Amino acid sequence: QVQLVESGGGLVQPGGSLRLSCLASGTIFSINVMGWYRQAPGKERELVAVMDSGGNTNYADSVKGRFTISRDSAKNTVNLQMDSLKPEDTAVYYCSADVRTSYYVPTLRYWGQGTQVTVSS
């Protein structure tokens with residue numbers, strides 16, 4: 001089994017910064033893509049930023065230039081530095097990881113429990 005645990009959410013004023021962290025633990029053979037999604041009230045879950053095992057990244061257009069994803073593959077961690085936050089960034093942020101638990105099984109996507117980010121004055 002694989003667990004993803006997020007930390008770092010909270011309340012911040014517009015223009016402020018937050019850093020989210022996620023640790024994957026359990027039976028992990030390899031992790032390909034690891035990253036962040038978010039879901040605001042009444043909206044569907046959307047991609048924020050992801051990074052594959054080769055270091056390639058994909059950002060939502062709405063966060064480009066403001067958010068930065070980083071990853072430590074040796075420690076199975078992924079971070080999201082969020083700067084110049086806007087009220088529309090308010091959402092529950094979920095960590096995700098595409099994990100193989102052994103050489104013989106396919107990749108499955110795992111999710112964290114989510115962490116609330118609220119941007120408000």
Side-chain angles (χ1 to χ4, degrees):
Q1 193 58 279
V2 176
Q3 298 82 39
L4 303 182
V5 178
E6 302 115 332
S7 60
L11 173 64
V12 64
Q13 292 186 343
S17 298
L18 280 176
R19 182 177 177 87
L20 304 183
S21 296
C22 175
L23 170 66
S25 62
T27 306
I28 297 173
F29 174 74
S30 65
I31 300 178
N32 183 9
V33 180
M34 201 170 184
W36 297 90
Y37 290 71
R38 68 186 180 187
Q39 187 167 18
K43 295 187 177 181
E44 294 187 351
R45 190 173 298 189
E46 63 176 0
L47 180 146
V48 177
V50 294
M51 180 183 285
D52 68 16
S53 56
N56 300 299
T57 59
N58 185 24
Y59 290 92
D61 287 343
S62 60
V63 307
K64 284 180 181 177
R66 301 188 297 122
F67 290 11
T68 303
I69 189 171
S70 60
R71 178 176 170 178
D72 186 333
S73 295
K75 297 181 179 179
N76 292 331
T77 59
V78 65
N79 302 304
L80 185 68
Q81 178 65 39
M82 304 185 292
D83 299 319
S84 303
L85 282 160
K86 305 176 181 180
E88 50 264 42
D89 294 317
T90 296
V92 178
Y93 284 69
Y94 296 91
C95 176
S96 76
D98 295 347
V99 179
R100 292 178 70 184
T101 55
S102 81
Y103 178 81
Y104 302 100
V105 300
T107 300
L108 294 178
R109 177 161 295 175
Y110 292 85
W111 296 92
Q113 79 284 356
T115 185
Q116 177 70 45
V117 171
T118 302
V119 184
S120 175
S121 55

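Everything quoted here is computed from the prediction, not taken from an experiment.
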Show me, pair by pair, the donor-acceptor contacts under 3.5 angstrom made by side chains of residues 113-120, not counting sequence neighbours?
from, atom 1, to, atom 2, distance (Å)
Q113, NE2, E6, OE1, 3.3
T115, OG1, G9, N, 3.4
Q116, NE2, A91, O, 3.4
Q116, NE2, T118, OG1, 3.3

E44 atom CD, over 12 foreign heavy atoms within 6.0 Å: no
Using a 3.5 Å cut-off and no angle test, enumerate the donor-acceptor pairs between side-chain atoms of residues 73-80 and protein atoms at least two apart in sequence or in another chain.
from, atom 1, to, atom 2, distance (Å)
S73, OG, R71, NE, 3.4
N79, OD1, S21, OG, 2.8

Within one Ile-Leu-Val-Met-Phe-Trp-Tyr cluster: V63 and V12, side-chain cutoff 4.5 Å: yes
The single option from Y94, Y93, W36 passing side-chain contact (heavy atoms from CB on, under 4.5 Å) against C22: W36
Shared hydrophobic cluster, V33 / L20 (ILVMFWY, side-chain heavy atoms < 4.5 Å): no
Atom of I31, atom of A24 and distance for their closest heavy-atom approach: CD1-CB, 4.0 Å
hydrophobic_cluster_shared for V50 and Y59, side chain cutoff 4.5 Å: no
Side-chain donor or acceptor of Y37 paired with backbone N/O of W111 under 3.5 Å: no
Separation of R100 CZ from L108 CG (nearest 0.5 Å): 10.5 Å
Taking every non-hydrogen atom, the tightest pair across K43 and Q39: O-NE2, 3.1 Å
Smallest separation among heavy atoms of V2 and T101, with atom names: CG2-CG2, 3.9 Å
Minimal non-hydrogen separation, S84 against S17, with atom names: N-OG, 4.4 Å
Exercise: identify the closest heavy-atom pair between L4 and Y110: CD1-O, 3.3 Å
Distance (rounded to the nearest 0.5 Å) between M34 CE and C95 SG: 4.5 Å
Where A49 and I69 come nearest, the two heavy atoms and their spacing: O-CD1, 3.5 Å
Step-by-step side-chain contact (heavy atoms from CB on, under 4.5 Å) determination, V99 to F29: CA-CA 7 Å; V99 179; F29 174 74; over 6 Å; no
Salt bridge (Lys or Arg N to Asp or Glu O under 4.0 Å) against D89, all qualifying residues, sequence neighbours excluded: R38, R66
